Amino acid sequence: MNLNIKNIVLILLAVSLVCTSRINAQSDTIPGNYFSVFTENINQISGLIFFSQKELYPGKFTFENTTDFSEVYKSLHFPVFPEAIDKSEEYFSFLNSLAEDQKKNLVQLFSFYEKDFETEFKKAGLPVELKYLAPAISVLNVHSTGEGKRAGIWHLSHFQALLNGGEVTRLVDERLDVIRSTRLAARDLKQNLEIYNNTELAVLAFISGNTAVKNAIHFAGESSGTAAVLSHLSGKVAEQIAAFQAMAAFLNTSRFFPEPVFYQKKNAPDTVKIYRQLHFKQIEKVIGVSAEQISDLNPQYKYSIVPENSRGRRVALPKGKRDDFVLWNDSINNATDSSYFQLITQKIEYPSAPNRQYLGEPVKDLEIEGKTKIKYRLKTGDVLGIIAETYDVRIADLKYWNNIVNERRIQAGQMIDIFVPDDQVDYYRSLENQTAEKSIEKEDVIDRIQSTTALKVYEQFDTNPKIEHVVKNGESPFVIAKQYDGVTPELILEWNNIDNPRKIQIGQKLIIYPRK
């Protein structure tokens, strides 16, 4: 089956038209915040069906309902995380306790994408058993989110997506595209494998980030095993590995056997290619398919707007609507309304350079309709890219609001202005307290390390020597980072205010601060 069509079927299963039975949650048996996220994801996919499973994907289910997790998992002979860890058995018991309809939804979703997951991992030279990571991380809920604004079935971070060629913009988020995000996840895991030469460490870095894993390795000792490294990572990481093992056991004892493939295509959505900027409301207005339904089929278009693209962007439509779209294409493109693209036209335009204030002079009495100005105190290690990401603004906004010409000259303790939506002021003001707590925790960790051991923590400081790197043919942030000690692709992007690594050009000079 075409990959794009397969990507859409998951959305069809996850559209909420009918909510059936709730989870028989055993929340008292598995403590921890991650379990609540895990159960919520199951709740969101359970019983949410666009049309009947029998019509969509007919087949036969079998459930062994075994309670012997250790025996089942051992029989799988997994090449990664072969030894069961704490809480794996509890997650396995929880999955077996689900209602039959809930089990069917989960098993069917996984079965539908299993071969596609395997294909991507085989291409990347990775163990196919990693296919169980997605159901463990997100329960295959395409709208699942995690800490640090991770999104999609693989909980990819913004940087993970960009560094591996994905598109994450204000209008498009390919992390929500199942097949595309699987390809991005495989690339990221492959890069991690090249760094650590160990698949288990590559997985831990995929979940928690390279910096956390490198620090954990130093705490545990360079020759320590995965279990020791895992003990120095966040408890949520261990829970996700436990869920990974439990999912592998559950999905090998609960199987779905589909009927011949031509039946599966019976109700598969149509796809069309769009080159001009288009809003789903324009389609609704002409051919009568609701914008909400189209949005459910295409979650990667966050505001129901398909940006212009000379190569075309694929959009899924309900079965049988492709011919209508092609027939009425001109009418659809002409069915415009100024309110459709208000999100774009509201972009703040700044005055041209000659009319701007003198460098270093505070912006006076700046007001933005619908926005409230809040104050943020810079902390050690802050960079504009991270602040902009946290407060959902652009780096250009921060620079203009505060007349910042050189980001390298901002200092800890300095106050800057940030404009946030009027109705979200309390939320954004609370972020500074959370950031402050994290900053204190980070400083405490560094102090303990420096006072008790000679181990090095992978943190970057301005005291490191600055060099200029000239980009050569075939170089990406990942390739460049490997040439310098203590440098990551993410840091290269931050140091050079680059929000899209694909725009790096041959001959471009990049600032690098290698670790001493």
Side-chain angles (χ1 to χ4, degrees), residues 73 76-85 117-134 136-137 154-157 159-166 182-234 237-238 240-242 244-245 248 449 453-460 469 472 474-493 501 512 514-516:
Y73 191 69
L76 298 179
H77 303 292
F78 258 38
V80 290
F81 303 104
E83 300 297 326
I85 67 171
F117 292 164
E118 289 181 354
T119 298
E120 294 301 330
F121 288 128
K122 284 179 181 177
K123 286 180 182 178
L126 297 166
V128 295
E129 287 80 6
L130 295 181
K131 63 189 177 183
Y132 298 107
L133 268 179
I137 290 172
W154 296 97
H155 276 198
L156 293 171
S157 69
F159 275 123
Q160 280 177 311
L162 289 182
L163 290 171
N164 291 287
T182 300
R183 194 164 297 137
L184 300 177
R187 290 175 184 172
D188 195 75
L189 285 162
K190 182 179 181 180
Q191 290 181 0
N192 289 345
L193 182 58
E194 292 174 356
I195 294 173
Y196 301 102
N197 197 31
N198 181 299
T199 305
E200 293 179 355
L201 293 180
V203 171
L204 297 183
F206 175 80
I207 295 173
S208 61
N210 279 302
T211 298
V213 169
K214 287 179 179 179
N215 288 339
I217 290 173
H218 279 292
F219 277 116
E222 295 289 342
S223 60
S224 299
T226 304
V229 175
L230 186 59
S231 68
H232 288 284
L233 294 171
S234 164
V237 179
Q240 287 179 300
I241 300 304
F244 165 75
Q245 294 181 330
I449 293 170
T453 178
L455 299 178
K456 296 177 181 178
V457 175
Y458 283 73
E459 296 287 346
Q460 305 299 323
H469 178 94
K472 302 177 184 64
E475 286 189 332
S476 66
F478 175 74
V479 173
I480 296 170
K482 292 200 296 184
Q483 301 175 33
Y484 301 99
D485 289 339
V487 174
T488 66
E490 294 89 342
L491 287 171
I492 293 176
L493 296 181
I512 307 288
R515 178 167 52 88
K516 290 181 179 179

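Since we're looking at a predicted model, the values are computed, not measured. FYI, the numbering just counts along the sequence from 1.
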### Query
Roughly how far apart are Ile492 CD1 and Phe478 CZ, rounded to 0.5 Å?
10.5 Å

### Task
Just grab all the salt bridge (Lys or Arg N to Asp or Glu O under 4.0 Å) pairs involving residues 123-134, residues at least two apart or on different chains.
Glu114-Lys131, Glu118-Lys131

### Task
Assess whether side-chain contact (heavy atoms from CB on, under 4.5 Å) is satisfied between Asp188 and Trp154, documenting all intermediate values.
CA-CA 11 Å; Asp188 195 75; Trp154 296 97; over 6 Å; no

### Message
A side-chain contact here means heavy atoms from C-beta on lying under 4.5 Å apart; do Asn192 and Leu201 qualify?
### Response
no

## Note on the structure
With sequence neighbours left out, the residues meeting salt bridge (charged side-chain N to carboxylate O under 4.0 Å, His left out) with Glu475 are none

### Ser234: partners by side chain to side chain contact (heavy atoms under 4.5 Å, CB included), with sequence neighbours left out
Lys236, Val237

### salt bridge (Lys or Arg N to Asp or Glu O under 4.0 Å) pairs, two or more places apart, involving residues 193-211
Glu194-Lys482

### side chain to side chain contact (heavy atoms under 4.5 Å, CB included) partners for Ala242, two or more places apart
Ile85, Lys87, Ser88, Tyr91

#### Entry: Heavy-atom check, side chain of Val128 versus side chain of Lys122, under 4.5 Å
yes

### Nearest heavy atoms of Ala84 and Gln245, plus distance in Å
CA-OE1, 3.4 Å

### Query
Can you name the ring-ring contact (aromatic ring centres under 6.0 Å, His included) partners of Tyr132, sequence neighbours left out?
Phe78, Phe110

### Message
Show the nearest heavy-atom pair for residues Phe244 and Leu130, with the distance to one decimal.
### Response
CE1-CA, 4.4 Å

### Summary
Here the gap from His155 atom NE2 to Ile137 atom CD1, rounded to the nearest 0.5 Å, amounts to 7.0 Å

### Query
Which one of Thr488, Val487, Leu163, Leu162 satisfies the side chain to side chain contact (heavy atoms under 4.5 Å, CB included) criterion with Pro477?
Leu163

### Query
Heavy atoms, side chains only, cut-off 4.5 Å: are Pro79 and Thr199 in contact?
no

### Task
Could you grab the distance from atom OH of Tyr196 to atom CD1 of Ile217, nearest 0.5 Å is fine?
5.5 Å

### Query
Taking only residues two or more places apart in sequence or in another chain, which ones pass side chain to side chain contact (heavy atoms under 4.5 Å, CB included) with Ala238?
Leu230

### Message
According to side chain to side chain contact (heavy atoms under 4.5 Å, CB included), who are the partners of Ala227, at least two apart in sequence or on a separate chain?
### Response
none

### Task
Could you tell me which residues satisfy side chain to side chain donor-acceptor pair (under 3.5 Å) with Gln191, sequence neighbours excluded, listed by chain and number?
Asn164

### Query
Does any non-hydrogen side-chain atom of Val203 lie less than 4.5 Å from one of Ile241?
yes

## Note on the structure
One should read off an interatomic distance between Ile195 CD1 and Asn210 CG, to the nearest 0.5 angstrom, of 4.5 Å

